[in-house]
Amino acid sequence: MNKKNIIIAPSILTADFTNLGSTIKELENIGADYIHLDIMDGVFVPPITFGAKVAKDIKQITELPLDAHLMVKNPQNHIESFANAGCSIISIHLEDNIHVHRILMSIKSYGVKAGIVINPHTAVSAIEPIIDYVDHILIMSVNPGYGGQEFIESTYKKIKDARDLIEKNNKNIHLAVDGGVNSKNIKRIIESGADFLIAGSAIVDAPNKQDAIDMLRNY
Ligand code: DX5
Ligand code: ZN
């Protein structure tokens with residue numbers, strides 16, 4: 001994998017939300033490729049973060065594309081508002097969701113990339129029946145809900161399985177990994193087949209965000 005082709009998407013989950021504007025600008029200036037937005041409703045996962053209004057406000061102050069990760073019950077109720085907020089990717093979880101195909105089609109109808117996310121306990125093979133409707137695959141490498149958790153080792157195998165699935169189906173889509181990504185494990189994550197790295201605490205909580213993102217890029 002060419003290092004230039006690796007996408008780094010910082011998650012703002014652990015940022016100080018009273019300074020969100022300056023954090024977003026800083027992430028843009030240090031070379032982030034996307035801003036990853038963790039949308040949590042207090043039901044699908046315990047915490048509550050923020051909604052489409054905040055996504056829309058962020059979109060006003062950055063040129064960076066927004067990657068919305070919906071950790072919510074009934075994600076179908078929120079597609080329109082996140083699409084109208086200007087998100088470039090909207091990803092929904094396969095778990096606890098009985099209308100995945102319909103929601104993916106709804107995301108696409110707004111001209112937004114439709115992503116599917118799987119939790120650590122869900123096998124990659126569960127994506128296979130809907131692979132033709134997916135523009136983006138996201139493998140969770142922690143159980144969702146919190147930033148700063150430790151990368152789950154069994155994820156490497158799942159990344160390989162997902163890369164195989166993408167290649168077997170001749171898809172030209174990104175394979176993202178989210179949770180516990182840092183400068184120590186990024187090489188192995190990329191070698192396993194990922195090309196879209198979401199990193200929250202490793203960048204946002206670092207004393208120097210530029211050094212942190214450079215370390216990830218020069219893995
Ligand atoms: C977890 C979120 C992740 C996470 C990333 O539920 O989806 O985006 O916050 O943060 P780190 O990199 O700190 O694990
Ligand atoms: Zn996320």
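Values in this document were obtained by computation on a predicted structure and should not be read as measured data. Nothing fancy with the numbering, it's 1 onward along the sequence. Below, all heavy atoms of this structure are taken into account, side chains as well, without hydrogens, waters or symmetry copies. Indexing begins at 1, ligand by ligand and atom by atom, following the structure's order.
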[X] [atom1] to [Y] [atom2] distance, which is reported to the nearest 0.5 Å:
{"X": "Asn169", "Y": "Leu165", "atom1": "CG", "atom2": "CG", "result": "5.0 Å"}
{"X": "Ile58", "Y": "Ile24", "atom1": "CD1", "atom2": "CD1", "result": "4.0 Å"}
{"X": "Leu138", "Y": "Ile198", "atom1": "CG", "atom2": "CD1", "result": "4.5 Å"}

For [atom], which protein heavy atom lies nearest, and how many Å away is it?
{"atom": "atom 13 (O) of ligand 1", "answer": "Ser201 OG, 2.5 Å"}
{"atom": "atom 2 (C) of ligand 1", "answer": "Asp38 OD1, 3.3 Å"}
{"atom": "atom 12 (O) of ligand 1", "answer": "Gly200 N, 2.8 Å"}
{"atom": "atom 9 (O) of ligand 1", "answer": "Leu13 CD2, 2.9 Å"}

Show the atoms of ligand 1 that are less than 4.0 angstrom away from any heavy atom in [X].
{"X": "Ala199", "result": "12 (O)"}
{"X": "Pro144", "result": "6 (O)"}
{"X": "His36", "result": "8 (O)"}
{"X": "Met40", "result": "6 (O)"}
{"X": "Gly147", "result": "9 (O), 10 (O), 13 (O)"}
{"X": "His69", "result": "7 (O)"}
{"X": "Met71", "result": "6 (O), 7 (O)"}
{"X": "Gly179", "result": "14 (O)"}

Do Ile139 and Asp178 have side chains that get closer than 4.5 Å, going by heavy atoms? no

Could you check if a side-chain atom of Ile137 sits within less than 4.5 angstrom of a side-chain atom of Ile173, using non-hydrogen atoms only? yes

So with a 6.0 Å cut-off around NZ of Lys108, is the heavy-atom count from everything else above 12? yes

Name all residues meeting the side-chain hydrogen bond (donor to acceptor under 3.5 Å, both in side chains) criterion together with Ser22; count only those two or more places apart in sequence or in a different chain, and write none if there are none. none

Nitrogen or oxygen atoms of [X] and ligand 1 under 3.5 Å apart:
{"X": "Gly180", "answer": "yes"}
{"X": "Val142", "answer": "no"}
{"X": "Asp178", "answer": "yes"}

Looking only at heavy atoms of Tyr146, does any of them come nearer than 4.0 Å to an atom of ligand 1? yes

Work out whether the distance between some heavy atom of Gly145 and some atom of ligand 1 is less than 4.0 Å. yes

Could you walk me through whether Val100 and Ile103 pass the side chain to side chain contact (heavy atoms under 4.5 Å, CB included) test, one step at a time? CA-CA 5 Å; Val100 170; Ile103 305 170; 5.9 Å; no

Tell me whether the rings of His101 and Tyr133 are parallel (<30°), tilted (30 to 60°) or perpendicular (>60°).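 Judged by the thresholds at 30° and 60°, the geometry between His101 and Tyr133 is perpendicular.
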
Quick one: sort the Tyr34 and Phe196 rings into parallel, tilted or perpendicular, breaks at 30° and 60°. tilted

Pick one: which of Lys158, Lys157, Arg163 meets side chain to side chain donor-acceptor pair (under 3.5 Å) with Asp161?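 So, applying the side chain to side chain donor-acceptor pair (under 3.5 Å) to Asp161 and each of Lys158, Lys157, Arg163, only Lys157 qualifies.
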
Salt bridge (Lys or Arg N to Asp or Glu O under 4.0 Å) filter on Asp41, not counting sequence neighbours, yields none

Pick, from Gly148, Pro10, Ser141, the option with the minimum heavy-atom distance to atom 11 (P) of ligand 1. Gly148

Indicate the atoms forming the closest heavy-atom contact of Thr23 with Ala15, along with that distance. CG2-CB, 4.3 Å

Listing by chain and number, which protein N, O or S atoms are under 2.8 Å from the Zn ion (ligand 2)? His36 NE2, Asp38 OD1, His69 ND1, Asp178 OD2

Below 3.5 Å, can you tabulate the donor-acceptor pairs from side chains in residues 82-96 to any protein atom, sequence neighbours excluded?
unit_1, atom_1, unit_2, atom_2, d
Asn84, ND2, Glu80, O, 3.4
His93, ND1, Glu95, OE1, 2.9
His93, NE2, His69, NE2, 2.9
Glu95, OE2, Asn119, N, 2.6
Glu95, OE2, Thr122, OG1, 2.6
Asp96, OD2, Lys73, NZ, 2.8

If you measure only the distance, is there a donor-acceptor pair under 3.5 Å linking the side chains of Thr49 and Asp38? no

